[in-house]
Amino acid sequence: MFHTNVINQLTNWIEDNLQEPLNIKTVASRSGYSPWHLQRMFKSITGYPLASYIRIQRLNNAASELKKSRVTVADIAAKYQFDSQQSFCRAFKKYFATSPSRYRRFSLTNQSSGSANNQ
C-alpha cells in the first residue's frame, strides 16, 4: 500500500511537470528510490515503464492542446520536451495513428459540426 501511495504522488508530480525535462534520474531522486528500483516498482503498479508513462502523458496533453488551441505543432513539440517537431510527429502518429495536423483538423471539424447540431 505504501508503494502505491508513493507512485500515486509521483504520477501527480510527473503530470504537473510534463513541460520540464524529466528523466529517470530526476524522477528517481524525487521519489527517494534508486532508478532501477523505481522503474521496477512503477511498472508493477501502473503497468507502464516510467519513460513510456511520461511520453504517453506528454502526448495526451499535446493532443488536448492541439484540439483547444492554435499553437503550432512545433511549439507544442518543444513545450512537451520533444527533441524536434519530427520526433514529436513520429511519436504522435505511432500513439494516435494519425498525424498531429490531421488530429487537429479532425477535432476542429467535429467541434464545428457538434456546435452546429446544438443550435
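All heavy atoms count here, side chains included; hydrogens, waters and symmetry mates do not.
Shortest non-hydrogen contact noted between S34 and A28 is C-CB, 4.1 Å. When all heavy atoms of Q85 and A74 are compared, the pair lying nearest together is OE1-CB, 3.3 Å.
For the atom pair OG1 of T46 and CD1 of I7, the computed distance is 7.5 Å after rounding to the nearest 0.5 Å. In this structure, the separation between CG on L18 and CZ on R55 is 12.5 Å, given to the nearest 0.5 Å. Here the straight-line distance linking atom OH of Y53 with atom OG1 of T11 works out to 4.5 Å at 0.5 Å rounding. Between atom CD1 of residue I56 and atom CG of residue N61 there is a gap of 12.5 Å, rounded to the nearest 0.5 Å. With rounding to the nearest 0.5 Å, the separation of CD1 in I76 from CZ in R58 is 14.5 Å. Taken from CZ in F96 to CG in L66, the straight-line distance is 8.5 Å, to the nearest 0.5 Å.
Between I45 and V6 the shortest side-chain heavy-atom distance does not fall below 4.5 Å. Side-chain atoms of Y33 and H3, non-hydrogen and from C-beta on, do get closer than 4.5 Å to each other. Side-chain contact between R90 and F82 is absent, with no heavy-atom pair separated by less than 4.5 Å. Using a 4.5 Å heavy-atom cutoff, the side chains of I24 and L38 are not in contact. L59 is not listed as a side-chain neighbour of Y80, based on a closest heavy-atom distance of 4.5 Å or more. You'll find the side chain of L50 stays beyond 4.5 Å of the side chain of K43, heavy atoms only. Contact annotation: the side chain of R104 approaches that of S69 to within less than 4.5 Å [non-hydrogen atoms, C-beta and beyond].
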| task | Just do the side-chain contact (heavy atoms from CB on, under 4.5 Å) check on F92 and R102 with the steps written out, would you? | result | CA-CA 11 Å; F92 193 95; R102 279 192 180 160; over 6 Å; no
Note to self: Is there a side-chain contact (heavy atoms from CB on, under 4.5 Å) between V73 and F88? Walk through the geometry before answering.
What the structure shows: CA-CA 9 Å; V73 172; F88 170 70; 3.8 Å; yes
Audit row: W13, L22, side-chain contact (heavy atoms from CB on, under 4.5 Å) steps and yes/no: CA-CA 11 Å; W13 179 81; L22 297 175; 3.7 Å; yes
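Between the side chain of S107 and the backbone N or O of Y103, at least one donor-acceptor pair lies under 3.5 Å. With hydrogens and angles disregarded, no donor-acceptor distance shorter than 3.5 Å links the side chain of D75 to the backbone of V71. Under the 3.5 Å distance criterion, the side-chain polar atoms of N17 are left unmatched by any main-chain donor or acceptor of E20. Judged by distance alone, the side chain of Q81 and the main-chain N or O of Q19 form a donor-acceptor pair under 3.5 Å.
At most 12 heavy atoms of other shown residues, nucleotides or ligands fall within 6.0 angstrom of atom CG in D83.
In this structure, F42 has its ring center at least 6.0 angstrom away from the ring center of Y48.
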